[in-house]
Amino acid sequence: MRYWLFKTEPSEFSIEDLRKAKKQTEPWDGVRNYQARNLLRDEMKEGDRVLFYHSSTKPTAVVGTARITREGYPDHTAFDPKNKHHDPKSKKTEPTWFMVDVTFESEFPDPVTLEELKGLVELKDMMLLRRGARLSVQPVTATEFKAVLTIAKAKAKAAGHPYAQR
DNA sequence: GCCAACGTTGGC
DNA sequence: GCCAACGTTGGC
C-alpha cells in the first residue's frame, strides 16, 4: 500500500465537504499538472491512504485522512467548455487529464499544522516541506504518514478528544 | 531545442 | 498583497 498527500484550498473543497459528500466520496478533479497526472493515472491504487491537507488558509495543516477508492480514470471536467478546468486539448478518445475517487476516513479533532511538521526528524525529507514543492498530489512515505498520525493522536489526547485512527 | 515571458501556486 | 519557485507557452 502507498501513501499520499492531497492539497486543497478549503474555500474550494475542504475535509468537511468530503465528510458531508454523498457516500463521503468525491472525484479529485481539476488537477492540471503532468507530474501529478502521472501519479493519479498510474500510481495510485484502491486502498491507498491519503493525508488531507488544507493550503492557503490559517493555519495550513493536515486536517484528516482519506482513502483512494477508485483508481485513475479520465477527468471529465476537462471536456466541459463551461467548467473552469476545461482543457480543449484533452479528448474523450485520448484524455490528457485523470482523476481518482477519494473517500473520507477521518478528521483530526485538532489539525496538525505545517509549523508543527517542520523540524521533525522523521519528516526532514517530506516533499511538502521542501522549498517550492508545489505538487498538489504528492507521495508520502509510510514513516511520514505514521508520524503525522502520531502527532494528530497526541494532540487529540491532549485536548481530551478520543481519536482512534490507526 | 533554447529561453524569455507569462501564469500559477502557496507560504508568509 | 507580495514574491519566490516552478511549469507552460511560443517565437525563433
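Chain letters run A, B, ... following the sequence lines, proteins first, then strands; residues in each count from 1.
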> Taking side chain as C-beta onward, heavy atoms only, is A:M44 less than 4.5 Å from A:W4?
Replying inline: yes
> Hey, does A:K118 reach any base, or is it just sugar-phosphate, or nothing, if we go heavy atoms under 4.0 Å?
Replying inline: sugar-phosphate
> Quick one: what's the B/S/- string for nucleotides 2-8 of chain B, heavy-atom cutoff under 4.0 Å, read 5' to 3'?
Replying inline: ------B
Find the distance [X]:[atom1] to [N]:[atom2] and express it as a whole number of Å.
| X | N | atom1 | atom2 | value |
| --- | --- | --- | --- | --- |
| A:E9 | B:dG10 | CD | C1' | 8 Å |
| A:K58 | B:dC12 | NZ | P | 11 Å |
| A:Q138 | B:dT9 | CD | C1' | 13 Å |
| A:L135 | B:dG10 | CG | P | 9 Å |
| A:M126 | B:dG11 | CE | P | 12 Å |
| A:L5 | B:dT9 | CG | C1' | 15 Å |

>> Is A:K7 close enough to B:dG10 that one of its side-chain N or O atoms is under 4.0 Å from OP1 or OP2 there?
In response: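 Affirmative; the distance criterion is met.
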>> Does B:dT9 have its OP1 or OP2 closer than 4.0 Å to a side-chain nitrogen or oxygen of A:Y53?
In response: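 No, A:Y53 has no side-chain N/O under 4.0 Å of OP1/OP2 on B:dT9.
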> Can A:R32 and A:T77 be counted as having a side-chain donor-acceptor contact under 3.5 angstrom?
Replying inline: yes
> Regarding A:T65 and A:S106, is there a side-chain donor-to-acceptor distance under 3.5 Å anywhere?
Replying inline: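 Yes - a donor-acceptor pair under 3.5 Å links their side chains.
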> Any idea how A:W28 and A:F13 line up, ring-wise: parallel (<30°), tilted (30 to 60°), or perpendicular (>60°)?
Replying inline: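 Perpendicular.
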>> For A:K45, is the NZ atom crowded, meaning more than 12 foreign heavy atoms sit under 6.0 Å from it?
In response: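 Counting neighbours around NZ of A:K45, more than 12 heavy atoms of other residues, nucleotides or ligands fall under 6.0 Å, so yes.
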> Just one of A:L135, A:N38, A:L40, A:L39 clears the side chain to side chain contact (heavy atoms under 4.5 Å, CB included) bar with A:N33, so which one?
Replying inline: A:L135
> Near DNA chain B, under 4.0 Å by heavy atom, which residues of residues 78-96 of chain A?
Replying inline: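 Contacts with DNA chain B under 4.0 Å: none.
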>> The test is side chain to side chain contact (heavy atoms under 4.5 Å, CB included); show your working for A:R49 and A:R67 and say whether it passes.
In response: CA-CA 5 Å; A:R49 303 188 71 180; A:R67 294 262 185 185; 3.3 Å; yes
> Under a single-linkage definition using a 4.5 Å side-chain heavy-atom cutoff for Ile, Leu, Val, Met, Phe, Trp and Tyr, are A:V148 and A:M1 assigned to the same hydrophobic cluster?
Replying inline: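 Looking at the clustering, A:M1 is in the same group as A:V148.
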> Do A:W97 and A:F79 have ring centroids that are under 6.0 Å from one another?
Replying inline: no
